[in-house]
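Data first, discussion second: the structure below is written as structure tokens.
Predicted, not measured: the structure shown is a model, and the values here were computed from it.
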Amino acid sequence: MNTVDTPYGPLKVSGPVERFPDSGLRSCTPAGPTVFATACGPLLAQHSTDDLRRRTVQPVSFHPTGLLRALPLEQPTAIETPAGPMNAELVTFHPDGSLCRVFPLNGKLSGLWSQEDEGGLARPATLDTPMGRISARLIGVRFDPTGALLSLTLWPGETLEAPTPVGPLLARVGVSFRPDGSLRSLEPAGPQRVPTPVGDIQAYDLDAVGISGDLNSLGFAPDGRVERVSTNLTQVAASGPKGERRLFAPELRESLCGDSESEPVPLRLEFDEDAVRVRTRLDAPWTVLPLADWTLRSEPCLLQFALPLGRLRCPG
């Protein structure tokens, strides 16, 4: 057992100690009960394990300033956040010490502990958000240093109805906000028609993964217009200045389920005042179509009839 110096006082640690190039403390594992003074009050760091959810003690990490970066907690702890009280098993902080993220659960998934097991412990949190008071099971929330709520990440299967510049939409995975409270993005829970400079698009991304609600496939500009959208159900026909014609549609790939079937890759579009950018694959370059030169219109994508939505997911 060793002792390291921190801005919070001497800390008894076990195992390796990780340091920054200037020898400042980057991370370490508490050797016993240790309480840290934080913006959320005194918090007890994790120092023990169990057989299923948390089989190792997760290290405490620090910013180069010496202040806490991430603090796993010994047990679920009620903390006060700018949006209201939450239970937390992991909290992170900005370099200035202000609250950054709150995670109600922090179990490690394995062959002995599944996402369903972890989700069974999730309880709804009731928070005040820019879209009103919500109650939902959350993977995590994120704040900026001033305390403004920046994002909500939802548990799989959880949805929220969100007011948006194009009307109320049902969201899954996540919702994000700007510091002023305006809606930045959300992940549509199902195909939802939204207006864009190329016509109505059926916004829906089959590839959306609920890791973080910070950046979602349907994005809004500060003035409320749609500035980003992904779709598996719409294609865009383009006519160029010299009479050329192009069609941008969701492409097919081999199913990630490994069953030799095909599934569509979402078509991604971004809009600004002068141009539309289109990408058919994540590893493909963006095609830029200046609106002064190209005429674009949205159309239903025929893939949706060949591959019904019910077949586009791997079995659970």
Item checked: Ser298 side chain vs Asp200 backbone, donor-acceptor pair below 3.5 Å -> yes
Item checked: Ion pair Asp180/Arg178, N-O distance below 4.0 Å -> no
Margin query: Any heavy-atom pair between the side chains of Leu267 and Thr234 that's under 4.5 Å?
Written below: no
Notebook entry, point to check: Between Gln192 (side chain) and Leu170 (backbone), is there a donor-acceptor pair under 3.5 Å?
Noted result: yes
Notebook entry, point to check: Would you say Leu160 and Leu150 are hydrophobically clustered, going by side-chain heavy atoms of ILVMFWY under 4.5 Å?
Noted result: no
Note to self: Restricting to non-hydrogen atoms, name the atom on Leu67 and the atom on Pro95 that form the minimum distance, rounded to 0.1 Å.
What the structure shows: CD1-O, 3.3 Å
Next item on the list: Tell me, please, which residues at least two apart from Thr81 pass side-chain hydrogen bond (donor to acceptor under 3.5 Å, both in side chains).
Entry: none
Notebook entry, point to check: When you measure from the side chain of Gln202 to the backbone N and O of Leu233, does any donor-acceptor pair fall under 3.5 Å?
Noted result: no
Margin query: Can you pull out every side-chain hydrogen bond (donor to acceptor under 3.5 Å, both in side chains) where at least one residue sits in residues 158-170? Sequence neighbours excluded, please.
Written below: Arg137-Glu158
Item checked: Qualifying salt bridge (Lys or Arg N to Asp or Glu O under 4.0 Å) pairs with a residue from residues 94-110, counting only residues at least two apart or across chains -> Arg101-Asp214
Check: Quick one: does Leu43's side chain get under 4.5 Å of Ile79's, heavy atoms only?
Finding: yes
Notebook entry, point to check: Is the backbone of Gly120 close enough, under 3.5 Å, to the side chain of Arg123 for a donor and an acceptor to pair up by distance?
Noted result: yes
Margin query: Show me the pairs that pass ring-ring contact (aromatic ring centres under 6.0 Å, His included) and involve residues 15-61, at least two apart or across chains.
Written below: Tyr8-Phe36
Item checked: Backbone N/O of Phe271 and side chain of Arg225: donor-acceptor pair under 3.5 Å -> yes
Notebook entry, point to check: Would a distance-only check, ignoring hydrogens and angles, find a side-chain to backbone donor-acceptor pair under 3.5 Å from Asp205 to Ser217?
Noted result: no
Check: Quick check: does any side chain N or O of Ser61 sit under 3.5 Å from a backbone N or O of Ala70, one acting as donor and the other as acceptor?
Finding: yes
Margin query: Are Trp286 and Leu289 linked, directly or through intermediate hydrophobic residues, by side-chain heavy-atom contacts shorter than 4.5 Å (ILVMFWY only)?
Written below: no
Item checked: Co-members of Leu44 in a cluster of I, L, V, M, F, W and Y side chains, linked at under 4.5 Å -> Val35
Note to self: If you define the side chain from C-beta out and look only at heavy atoms, does anything of Trp294 sit under 4.5 Å from Arg246?
What the structure shows: yes
Checklist line | Pairs involving residues 229-244, ordered by first then second residue, that meet salt bridge (Lys or Arg N to Asp or Glu O under 4.0 Å) (sequence neighbours left out) | finding: none
Notebook entry, point to check: Got a sec, which residues hit side-chain hydrogen bond (donor to acceptor under 3.5 Å, both in side chains) with Asn2, two or more places apart in sequence or on another chain?
Noted result: none
Next item on the list: Determine which pairs satisfy side-chain hydrogen bond (donor to acceptor under 3.5 Å, both in side chains) with at least one residue from residues 268-279, sequence neighbours left out, and list them in order.
Entry: Glu270-Arg277, Asp272-Arg277
Item checked: Donor-acceptor under 3.5 Å (Ser151 side chain, Leu149 main chain) -> no
Notebook entry, point to check: Would you find a donor on one side and an acceptor on the other, under 3.5 Å apart, between the side chain of Ser135 and the backbone of Thr126?
Noted result: no
Notebook entry, point to check: Would you say the side-chain atoms of Ser185 and Ser176 include a donor-acceptor pair closer than 3.5 Å?
Noted result: yes
Next item on the list: Could you list all the ring-ring contact (aromatic ring centres under 6.0 Å, His included) pairs where at least one residue sits in residues 171-193, not counting sequence neighbours?
Entry: none
Check: Do any pairs count as a salt bridge (Lys or Arg N to Asp or Glu O under 4.0 Å) and have a residue in residues 14-39, sequence neighbours left out, and if so which ones?
Finding: Glu18-Arg26
Check: Which other residues end up in the same hydrophobic cluster as Phe103, if Ile, Leu, Val, Met, Phe, Trp and Tyr are linked when side-chain heavy atoms come under 4.5 Å apart?
Finding: Leu90
Margin query: For residues 71-90, which residue pairs pass the salt bridge (Lys or Arg N to Asp or Glu O under 4.0 Å) check, not counting sequence neighbours?
Written below: Arg53-Glu89
Check: Considering only heavy atoms from C-beta outward, does the side chain of Arg133 approach that of Asp128 to under 4.5 Å?
Finding: yes
